[in-house]
Amino acid sequence: MRKIITILLLCTTLFQLACSDKVGSYITFKNPLQGESFHSGKPVRIELDIPEKTDVQAITYLVDGKEFAQKNTKEFVTLDTQNLPLGYRMLTAIVKRGDQTDTITNNIILTTDKKPIKLKYTLVNTFPHDTSSYTQGLSFVDGQLLESTGRKGFSQLKYVDVRTGKAIKAVSLKPEYFGEGSVKVGNQIIVLTWQENVGLVYDAATLEEKTTFPYQASREGWGLTYDGKQLLRSDGSNKIWFMNASTFKEEGFIEVYDNKGAVERLNELEYIDGKLYANVYGANKIVVINPQTGIVEAELDLTKLVPKNYFKDDYEIGNNVLNGIAYDAAGKRLFVTGKKWPNLFEIKLSEK
């Protein structure tokens, strides 16, 4: 019995020594801490905690899978965050030591401390708007408005005369669909649905539905626009998704922040001169977003355009809000409206 106990104790000691040696050889991140927040534009010190006797041959550092530094020593490196997207960023260090390679990962959160510029506007023109239109998507196409509207059983896609507010051509979405954002790309119009997890593709000339496509990782369908290369899409969160304009596959996203934090409920979208304009649902304001980083660079308060004493019950007052941005690139005209609003407004922006 004593012999068995002695053997067991010896095995336990050897196991503990082996584990201790293994633990002592672990490489971890010394800086930054897991989940630590940093302001965009500020350099981040990246440093590994490497055991003293470790023979390091090379270290490759990556952010979101892209290499940004290489070292053959244990010295720290600096990550330039100036042009990185905001939100969670994945840090990776690949350490080669002898015949062994270690891959260590860590997460940081990039935010911004920059206050958005306050824009002001001048009212240029006021046009009629169909008060039955629960506006979800709005854009300027070939001298007329392209508008998509929501609510099941009432959702439509239509071309609208700017000056009269009347439909030139219209088609109803299938009654099971709650229509959302829309945009014309080539000879097609892409229309989102809210919670049906499907996008719709129409012929731009006939407004005939041609096909559908499924959503992937994104949550819902809200706003949609086109930057000339990719579709940009909101889902009601602070994310803007990038979609392939031919396959409609999601190819990444940015997260939108201002100096106060994540900007949620991003809704109808418009791409104007390299910037992304977005309605913030329920806030009666538009934010101007850098589409590379997600930083809100400017914001516009349009509360004074909200119809006064027009909507009577609490449901209408709470839901028939600002939503709709359309830009006439040739004429340099900007139009805005809201869900079931009686007017479409042409406005001119300037800095305060």
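If you read the sequence from its start, that first residue is 1, and numbering goes on from there. Model, not experiment: these values are computed from the prediction.
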(request) Taking D80 for its side chain and Q82 for its backbone only, find out whether a donor-acceptor pair lies under 3.5 Å. (result) yes
(message) Taking L119 as the starting point, is it possible to reach L266 by hopping between hydrophobic residues whose side chains are less than 4.5 Å apart?
(response) no
(message) Could you check whether K120 pairs with E351 (Lys NZ or Arg NE/NH1/NH2 to Asp/Glu carboxylate O, under 4.0 Å)?
(response) no
(request) Verify, without hydrogens or angle tests, whether N284 (side chain) and V321 (backbone) share a donor-acceptor contact under 3.5 angstrom. (result) no
(message) Quick check against the 3.5 Å criterion: does D64 have a side-chain atom that pairs as donor or acceptor with the backbone of M90?
(response) yes
(request) Evaluate the criterion side-chain contact (heavy atoms from CB on, under 4.5 Å) for residue pair K96 and T101; output intermediate values, then yes/no. (result) CA-CA 4 Å; K96 184 173 176 55; T101 300; 4.3 Å; yes
Anything under 3.5 Å between a donor and an acceptor, one on a side chain of residues 254-264, the other on a protein residue two or more places apart or in another chain? List them.
from : atom 1 : to   : atom 2 : distance (Å)
D258 : OD1    : K260 : N      : 2.8
D258 : OD1    : G261 : N      : 3.2
E264 : OE1    : N238 : N      : 3.3

(request) Check the hydrophobic clustering (I, L, V, M, F, W, Y; side-chain heavy atoms under 4.5 Å; chains of links allowed) and say if F253 and Y277 are grouped together. (result) no
(request) Consider only side-chain heavy atoms of I, L, V, M, F, W and Y, link residues closer than 4.5 Å, and tell whether V201 and V185 are in one cluster. (result) yes
(message) Using only atom types and a distance under 3.5 Å, with no angle test, would you say the side chain of W341 pairs donor to acceptor with the backbone of V306?
(response) no
(message) Counting only heavy atoms from other residues, nucleotides and ligands, does the tally under 6.0 Å from NZ of K210 exceed 12?
(response) yes
(request) Check the pair Y327, F140 against side-chain contact (heavy atoms from CB on, under 4.5 Å), reporting the backbone distance first and the verdict last. (result) CA-CA 6 Å; Y327 185 62; F140 192 86; 5.9 Å; no
(message) Can you classify the ring geometry of Y61 versus F68 as parallel (below 30°), tilted (30 to 60°) or perpendicular (above 60°)?
(response) tilted
(request) Check V160 against K158 and note the closest heavy-atom contact, atom names and distance. (result) CG2-CG, 3.8 Å
(message) Can you tell me how far apart OG1 (T293) and CG (L86) are? Round to the nearest 0.5 Å.
(response) 5.5 Å
(message) Around atom NZ of K74, are there more than 12 heavy atoms from other residues, nucleotides or ligands closer than 6.0 Å?
(response) yes
(request) Determine yes or no for a side-chain-to-main-chain donor-acceptor pair under 3.5 angstrom, with E268 supplying the side chain and L138 the backbone. (result) yes
(message) Are the side chains of F242 and L232 in contact, using a 4.5 Å heavy-atom criterion?
(response) yes
(message) I'd like to check T337 versus F335 (side-chain heavy atoms, cut-off strictly below 4.5 Å). Are they in contact?
(response) no
(message) Measuring only between side-chain heavy atoms, which start at C-beta, is N107 closer than 4.5 Å to Q34?
(response) yes
(message) Working to the nearest 0.5 angstrom, can you tell me the gap between T60 OG1 and K71 NZ?
(response) 12.5 Å
(request) Taking T81 for its side chain and G41 for its backbone only, find out whether a donor-acceptor pair lies under 3.5 Å. (result) yes
(request) Indicate the atoms forming the closest heavy-atom contact of K285 with D301, along with that distance. (result) CB-CA, 4.3 Å
(request) For atom NZ of K66, decide whether the heavy atoms of other residues, nucleotides or ligands shown that lie under 6.0 angstrom number more than 12. (result) no
(message) So S148 and I189, do their side chains get closer than 4.5 Å, heavy atoms only?
(response) no
(request) Please answer: with hydrophobic residues joined when any side-chain heavy atoms are less than 4.5 Å apart, are I325 and L302 in the same cluster? (result) yes
(message) Between Y215 (side chain only) and V198 (backbone N and O only), is there a donor and an acceptor less than 3.5 Å apart?
(response) yes
(request) For residues Q156 and S172, determine if any side-chain heavy atom of one lies less than 4.5 Å from a side-chain heavy atom of the other. (result) yes
(request) Answer yes or no for R265 and Y281: cation-pi contact, defined as NZ/CZ to six-membered ring centre under 6.0 Å and angle to ring axis within 45°. (result) no
(request) Would you please test N319 and K339 for side-chain contact (heavy atoms from CB on, under 4.5 Å) and show each step? (result) CA-CA 8 Å; N319 287 277; K339 301 171 185 289; 5.7 Å; no
(message) Restricting to non-hydrogen atoms, name the atom on T135 and the atom on G338 that form the minimum distance, rounded to 0.1 Å.
(response) OG1-O, 3.6 Å
(message) Quick check on Y88: does its OH atom have over 12 non-hydrogen neighbours (other residues, nucleotides or ligands) under 6.0 Å away?
(response) no
(request) May I ask you to decide if T149's main-chain N or O and S133's side chain share a donor-acceptor pair within less than 3.5 Å? (result) no
(request) Check whether any side-chain heavy atom of L146 lies under 4.5 Å from a side-chain heavy atom of Y159, and answer yes or no. (result) yes
(message) Do L334 and I272 make a side-chain contact, defined as non-hydrogen atoms from C-beta onward lying under 4.5 Å apart?
(response) yes
(request) Give the intermediate values and the outcome of side-chain contact (heavy atoms from CB on, under 4.5 Å) for residues I286 and L322. (result) CA-CA 9 Å; I286 291 172; L322 178 79; 4.3 Å; yes
(message) Can you tell me how far apart CG (L157) and NZ (K184) are? Round to the nearest 0.5 Å.
(response) 12.0 Å
(message) For F178, does the six-membered ring have the charged nitrogen or CZ of K152 within the cation-pi criterion, i.e. under 6.0 angstrom from the centroid and within 45° of the normal?
(response) no
(request) Taking all non-hydrogen atoms of both residues into account, name the closest pair between F29 and I46 and its distance. (result) CE2-CG2, 3.7 Å
(request) Hey, could you give me the CD1/NZ distance between I117 and K115, rounded to the nearest 0.5 Å? (result) 13.0 Å
(message) Nearest 0.5 angstrom please: D130 CG to L344 CG, how far?
(response) 12.0 Å
(message) Do N244 and E251 pair up side chain to side chain, a donor and an acceptor below 3.5 Å, judged on atom types alone?
(response) yes
(message) For the backbone of T112 and the side chain of S40, can you confirm whether one donor and one acceptor N or O come within less than 3.5 Å of each other?
(response) no
(message) Taking K174 first and then E176, would you say they form a salt bridge - that is, a charged N and a carboxylate O separated by under 4.0 Å?
(response) no
(message) If I take atom CG from residue L207 and atom CD from residue E209, how far apart are they, to the nearest 0.5 angstrom?
(response) 11.5 Å
Show every donor-acceptor pair shorter than 3.5 Å between a side-chain atom in residues 217-228 and any protein atom, with sequence neighbours excluded, or say none if there are none.
from : atom 1 : to   : atom 2 : distance (Å)
S218 : OG     : R233 : NH1    : 3.1
S218 : OG     : R233 : NH2    : 2.6
S218 : OG     : E250 : OE2    : 2.6
E220 : OE1    : W194 : NE1    : 2.9
E220 : OE1    : W222 : NE1    : 2.9
E220 : OE2    : Q195 : NE2    : 3.1
W222 : NE1    : D235 : O      : 3.4
T225 : OG1    : Y271 : N      : 3.2
Y226 : OH     : G228 : O      : 2.9
D227 : OD1    : K229 : N      : 2.8
D227 : OD1    : Q230 : N      : 2.6

(message) So which atom in M243 and which in F213 form the shortest heavy-atom distance, rounded to 0.1 Å?
(response) CE-CE1, 3.7 Å
(message) Quick check: do I59 and V77 have side-chain heavy atoms less than 4.5 Å from each other?
(response) no
(request) Compare every heavy atom of V191 with every heavy atom of S182, then report the nearest pair and how far apart it is. (result) CB-CG2, 4.0 Å
(request) Give a yes or no answer on whether the side chain of S234 reaches the backbone of N267 with a donor-acceptor pair at less than 3.5 Å. (result) yes
(request) May I ask you to check whether S139 and E270 show a side-chain donor-acceptor distance below 3.5 Å? (result) no
